[in-house]
Amino acid sequence: MRKDGELAKGYAPEAIEEKWYSIWIEKEFFNAEIDKSKPPFSIVIPPPNVTGSLHMGHAFNNTFQDILCRVRRMQGYSVLWLPGTDHAGIATQNVVEKDLASKGITRHELGRGAFVEKVWEWKKIYGDRIIQQMKKLGNSCDWRRERFTFDEGLSRAVREVFVRLYKKDLIYKGKYIINWCSRCHTALSDLEVEYDETPGKFYYVRYPFEDGVATEPFGDGIVVATTRPETILGDVAIAVHPRSERFKALIGRKVRVPLSADGGSGRVIPIIEDNMVDPEFGTGCVKITPAHDPNDFLVGLRHDLPQLQVIDENGFMNEEAGIYKGLSIKDARARSAEDLEKQGFLLRTEDMTHSVGHCHRCNTTVEPYLSEQWFVRAKPLAERGVKAVQDGLIRWVPEQWEKTYFQWMENIRDWCISRQLWWGHRIPAWTCGDCGHVTVSGTDPTQCESCKSQNIVQDEDVLDTWFSSALWPFSTMGWPEKTPELEYFYPTSLMVTGFDIIFFWVARMIMMGLEFMEKEPFKDVYIHSLIRDEHGQKMSKSQGNVIDPLDMIDKYGADALRMALAALSTQGRDILLSRGKIETYRFFMNKLWNAARFALMNLDDDPAKIDPACLRLQDRWILARVQEVVEQETRLIDEYDIGSAARLLYDFVWGDFCDWYLEMSKPALRGDEGEDRKRTAQGVLDEVFVTLLPLLHPFIPFVTEELWEAFGYNTGSALMVAAWPKPKGEYRFDVGRAMQDFQDTVRTLRNLRAEAHVSPQQWMGKAVIRAGRSERPEAQRPETAAALKETLPLVSMLCRVKEIDLSSTSAPRPSQCLSSVIGDGEICLQVGDVLDIDAELVRLKQELASVEKTVAASRSRLDKPDFVARAPQEVVEKERARVAEGQAQVLRLQENLKSLSR
RNA sequence: GGUUGGUUAGUUCAGAGGUAGAACGCUUCCUUGACACGGAAGAGGCCACAAGUUCGAUUCUUGUACCACCCACCA
């Protein structure tokens with residue numbers, strides 16, 4: 001049953017969005033069922049952090065996935081879109097700590113247990129909030145299956161993976177130099193460090209020879225350039241390049257460290273040779289500080305040097321630093337420089353820039369720090385990951401990202417997975433207080449597996465949050481159990497995410513999926529670009545340039561936001577978003593709404609039928625266009641080209657359908673062309689909407705669902721579960737060219753009118769279309785003449801011309817008219833005394849010049865024998881037709897000029 | 001140092017080997033029986049630069065410049 005004329009004049013999203021969302025939930029349309037009669041389609045959502053609220057990046061990412069899920073559902077797939085959230089170790093711990101700090105509490109005052117309780121409380125509030133926000137967007141996730149990376153099932157999966165990797169010797173513990181954030185008080189993986197070019201200083205420091213023997217060309221010591229004089233206290237050697245003639249004589253000699261912990265004379269250290277030294281850089285000699293520099297650490301291992309730590313985990317000088325103890329790194333640097341200078345060891349300083357690592361969560365300078373950590377041996381896992389992509393098991397879209405992935409995977413380094421935090425999966429390893437053996441176990445052990453002692457203590461550390469995210473595609477479906485979900489929905493069909501987490505997440509999911517499921521975690525991985533503000537800046541709270549998706553939904557509706565994000569998306573370029581751009585798509589919603597309103601005002605209760613005999617040019621054209629759109633839309637979606645898919649619908653609805661077809665359908669719908677024509681025009685409207693609404697639904701689910709109901713199409717069920725349209729052969733009419741000519745005619749006539757500044761109130765005159773020049777048969781288009789004849793009343797209506805005649809070009813030309821050539825004919829608009837002869841002469845001359853130019857261009861092409869011989873026949877023909885038509889137009893324009901000048 | 005992407009209208013961006021498109025902004029006109037969240041007309045571009053391939057390059061290739069991004073190194 002149609003809602004006859006009940007539609008409000010303007011589209012109001014707030015009234016319908018909530019209503020439809022609860023209906024969809026109530027009817028269980030989002031529920032994924034294991035249905036072997038249908039092909040599966042599955043996506044696991046990139047789980048947002050529980051720390052904050054939904055931002056534009058989430059909205060974009062989710063819109064993309066929802067569009068794909070809704071299309072596949074309509075295409076008959078059994079769709080699983082599995083939602084959830086991430087516990088986000090450091091990020092969440094930081095937020096909660098900050099919150100506590102505002103109340104004057106530290107986590108240490110609370111203790112580990114109570115603190116973790118607090119974080120859980122936080123998670124409950126903010127985790128729920130972000131889920132609510134996803135629902136407002138219209139996400140069609142199966143909410144029954146919502147998971148959390150730190151929930152019971154997933155924690156079990158994490159432990160299982162840890163134990164299995166440990167047993168395979170793919171996880172190990174060791175004392176290595178790692179990235180340390182002294183504020184977060186934890187180790188970081190290489191990926192969690194962001195490097196910035198920072199101004200610094202080179203300190204040129206002299207290390208005197210221990211034996212006091214001066215040696216040319218060095219004098220009584222050698223000079224080393226360093227940016228970190230505070231680490232001199234931790235020096236254990238000086239290294240030079242082995243094949244450097246200049247330094248050869250020095251190898252094996254000893255120097256004295258120019259600073260000491262007690263203020264006296266420094267330790268004696270050897271001069272060694274190592275390939276790591278670049279003889280061209282700095283002074284050609286490097287001080288070796290294994291405990292505070294990653295390269296020096298490796299040199300130290302090669303030469304069996306001691307690891308002397310002088311900086312502690314809080315970023316202060318430690319016991320070993322003696323008189324410097326307690327100074328911050330910054331203060332110690334100044335103080336060492338001062339002392340070196342006083343004692344004549346500092347020769348000079350030099351300004352320079354170098355890149356300095358910062359914690360990507362809190363921006364504190366990251367220190368290389370020596371400590372015991374857990375690592376994943378990444379190489380064997382990465383090799384399988386590379387092979388899977390090479391074998392075509394996983395397809396990257398756009399393809400270029402494959403290269404980025406390979407480069408990283410082929411140079412992968414071991415992954416530091418332990419974090420000195422409280423919020424996260426605790427490492428399932430127990431160290432024996434008696435024998436020192438480490439017991440790693442899936443269930444909490446009561447005794448040491450080696451000596452059976454009960455004196456065992458669990459490792460304090462937790463796992464990197466990405467460790468659990470890496471398991472997301474299968475842990476969410478019940479692994480390590482063999483569940484029906486895994487069997488039916490794994491591997492997932494598609495992963496949708498941003499390029500910023502290819503290494504953090506995508507690569508690691510691939511490695512873990514292959515290792516534990518023996519199958520790739522997803523078949524396609526779509527990498528989208530990032531959302532920025534209208535000036536191309538990253539959106540951030542501190543910059544104040546954040547556009548909150550929830551605000552936008554409140555203001556413009558979820559559909560407008562979704563359509564904007566979809567239509568603005570392009571491959572390989574960031575999306576610059578602004579409120580104005582979203583508003584554009586809000587206007588589109590209103591346009592669609594009003595087109596539907598117009599249709600409903602003109603449709604009767606009983607369905608109209610199309611009588612093929614009553615179809616006119618515009619009907620055939622729009623029906624044929626709809627079939628093309630169905631075809632293209634389906635193809636674009638399959639190619640994940642969501643941007644083009646959205647723009648195609650936008651342009652079709654606004655341009656072809658509203659601007660042209662609806663206007664042209666008005667006389668028939670009014671009944672001006674008889675009852676049969678009215679019924680057929682109604683049938684065409686019906687046909688367009690019944691096809692168009694399903695195509696639009698994945699992008700703008702709310703408004704289309706409302707309209708589907710208003711049109712009465714929802715017999716039995718909702719649009720959300722309607723079938724995806726297929727092109728209909730009976731509507732493939734070949735009328736594109738004729739319609740094009742019709743449109744050109746209308747546009748030209750309107751243009752003439754606008755040029756003459758004649759308003760419709762002032763005057764509705766007569767126009768004559770002169771067409772069909774017999775002496776130029778190659779430039780003739782009989783189908784156009786026929787079509788124009790049929791649609792002449794429409795030309796008159798659209799151009800607001802009272803009277804219109806179609807005549808032959810051999811017929812006499814009307815007097816006192818504006819004219820313009822079109823095709824092989826011309827359009828004359830009789831304007832009577834209003835005609836400004838001088839202005840018209842100028843205009844005609846311009847038109848003549850432009851036609852002559854195109855004719856000349858085509859001619860020069862045709863004059864080249866190579867062109868005629870080598871260009872495809874149809875291109876040559878086109879040029880010939882262009883010349884012929886142009887020549888006809890030149891003649892006509894010359895005639896007109898002559899008759900006007902008289 | 002290396003990788004990848006970008007350079008098209010005032011702005012933001014599509015685009016395709018065969019005469020350059022949209023949105024927003026701008027100018028003029030129009031409250032016409034769906035829509036002023038609208039309609040009509042218009043102005044506005046050596047498609048960054050250079051060479052090559054081609055009958056033909058804004059489109060393909062290679063360089064150059066500039067802008068982004070990422071990776072590595074930085075004593």
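These values consider heavy atoms only, across backbone and side chains, with no hydrogens, waters or symmetry-generated copies. Letters A, B, ... mirror the listed sequences (proteins, then strands); counts begin at 1.
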Ala754(A) side-chain proximity, nearest of C69(B), A41(B), C35(B): A41(B)
Got a sec? Which of residues 657-667 of chain A come in under 4.0 Å of RNA chain B, heavy atoms? Cys658(A), Asp659(A), Leu662(A), Glu663(A), Lys666(A)
Does Glu583(A) come within less than 4.0 Å of Arg579(A), counting only side-chain N to carboxylate O? no
Can you give the dot-bracket line for RNA chain B, where a pair is Watson-Crick or G-U wobble with both atom distances under 3.5 Å, crossing pairs use [ ], and | marks a partner on another strand? ((.((((..((((....[..)))).(((((.......))))).....(((((..]....))))))))).))....
Can you tell me the distance, in whole Å, between the CG atom of Asn602(A) and the C1' atom of G33(B)? 10 Å
State which residues pass salt bridge (Lys or Arg N to Asp or Glu O under 4.0 Å) with Glu402(A); sequence neighbours excluded, sorted by chain then number. none
If a pair satisfies ring pair (Phe, Tyr, Trp, His ring centres under 6.0 Å) and one of its residues is in residues 567-587 of chain A, list it, with sequence neighbours excluded. Tyr585(A)-Tyr650(A)
Within a strict 4.5 Å, meaning less than it, do heavy atoms of the Leu752(A) and Arg843(A) side chains meet? yes
Students often get this wrong, so: under 4.0 angstrom with heavy atoms, is Thr227(A) touching a base, only sugar-phosphate, or nothing? sugar-phosphate
When the distance from CG of Asp863(A) to C1' of G56(B) is rounded to whole Å, what number comes out? 15 Å
Please measure how far the C1' atom in U11(B) lies from the corresponding atom in A36(B), and state the result in whole Å. 24 Å
Name all residues meeting the ring-ring contact (aromatic ring centres under 6.0 Å, His included) criterion together with Phe60(A); count only those two or more places apart in sequence or in a different chain, and write none if there are none. His528(A)
Salt bridge (Lys or Arg N to Asp or Glu O under 4.0 Å) partners of Arg750(A), counting only residues at least two apart: none
side-chain contact (heavy atoms from CB on, under 4.5 Å) partners for Phe503(A), two or more places apart: Leu191(A), Thr404(A), Trp408(A)
First encountered from the 5' end of RNA chain B, between Asp574(A) and Val224(A): Asp574(A)
Tell me which residues in residues 401-414 of chain A lie within less than 4.0 Å of RNA chain B, going by non-hydrogen atoms. Lys403(A), Gln407(A), Arg413(A)
Integer-rounded Å distance: C35(B) C1' and Leu592(A) CG: 11 Å
Could you tell me if Lys591(A) sits above the aromatic ring of Phe657(A), with its cationic atom closer than 6.0 Å to the ring centre and no more than 45 degrees from the axis? no
U31(B) to G17(B) separation - P atoms, rounded to the nearest Å: 45 Å
How would you label the contact of Val868(A) with the nucleic acid (heavy atoms, under 4.0 Å): base, sugar-phosphate, or nothing? nothing
Say you pick atom C1' in A9(B) and the same atom in C46(B); how far apart are they, in whole Å? 14 Å
Value in whole Å for how far the C1' atom of G5(B) lies from CD1 of Ile502(A): 12 Å
From C35(B), C13(B), G39(B), nucleotide with atom closest to Leu576(A) side chain: C13(B)
Judged by nearest nucleotide, the residue sitting upstream toward the 5' end of RNA chain B, Lys538(A) or Gly10(A), is Gly10(A)
Please pick, from C35(B), G5(B), A41(B), the nucleotide with the shortest atom-to-atom distance to any side-chain atom of Gln400(A). G5(B)
If we take the P atom in both G10(B) and U61(B), what is their distance in whole Å? 27 Å
Does Lys864(A) get its side chain close enough to the base of C55(B), under 3.5 Å, for a donor-acceptor pair? no
Could you tell me which residues satisfy side-chain contact (heavy atoms from CB on, under 4.5 Å) with Thr365(A), sequence neighbours excluded, listed by chain and number? Val356(A), His358(A), Glu367(A)
Rounded to whole Å, how long is the line connecting atom CG of Leu530(A) with atom P of A68(B)? 16 Å
Contact state string [nucleotides 14-27 of chain B, B base, S sugar-phosphate only, - no protein heavy atom under 4.0 Å]: S---BB---SS---
For the pair made of CG in Asp533(A) and P in A68(B), what is the distance, rounded to whole Å? 15 Å
Set of salt bridge (Lys or Arg N to Asp or Glu O under 4.0 Å) partners for Asp500(A), sequence neighbours left out: none
What interatomic distance, in whole Å, is found between P of U32(B) and the corresponding atom of G42(B)? 23 Å
Whole angstrom value for the distance that separates P of C29(B) from CG of Asn751(A): 16 Å
Does the pair Lys878(A)/Glu874(A) count as a salt bridge with the N-to-O cut at 4.0 Å? no
Taking the side chain as C-beta and beyond, is there a heavy-atom pair between Val310(A) and Glu230(A) under 4.5 Å? no
Within a radius of less than 6.0 Å around CZ of Arg532(A), do more than 12 heavy atoms belonging to other residues, nucleotides or ligands occur? yes
Can you tell me the distance, in whole Å, between the CE atom of Met797(A) and the C1' atom of U32(B)? 10 Å
So what does Ala857(A) hit on the nucleic acid, given a heavy-atom distance under 4.0 Å: a base, only sugar-phosphate, or nothing? nothing
Evaluate the ring planes of Phe742(A) and Trp660(A), with Trp represented by its six-membered ring, and classify them as parallel (under 30°), tilted (30 to 60°) or perpendicular (over 60°). perpendicular
Euclidean distance for P, C49(B) against U58(B) (whole angstrom): 10 Å
Check the pair Tyr661(A) / Asp656(A) against side-chain contact (heavy atoms from CB on, under 4.5 Å), numbers first and verdict last. CA-CA 6 Å; Tyr661(A) 183 74; Asp656(A) 291 348; over 6 Å; no
So which nucleotide from C71(B), A34(B), A36(B) ends up closest to the side chain of Phe503(A)? C71(B)
Test: Asp866(A) and Lys864(A) ion pair at under 4.0 Å: no
Pairwise C1' distance for C70(B) and G5(B), with rounding to whole Å: 10 Å
Tell me what Lys287(A) touches on the nucleic acid: a base, only sugar-phosphate, or nothing, going by heavy atoms under 4.0 Å. nothing
Within the structure shown, what part of the strands sits under 4.0 Å from Phe588(A) by heavy-atom distance: base, sugar-phosphate, or nothing? nothing
Under 4.0 Å between a side-chain N/O of Asn594(A) and OP1 or OP2 of C37(B), yes or no? no
When rounded to the nearest Å, what value does the distance between C1' atoms of A20(B) and A14(B) take? 12 Å
Looking across every strand, which nucleic acid part, if any, lies under 4.0 Å from Arg750(A) by heavy atom: base, sugar-phosphate, or nothing? sugar-phosphate
With Arg302(A) via salt bridge (Lys or Arg N to Asp or Glu O under 4.0 Å) - residues at least two apart: Asp274(A)
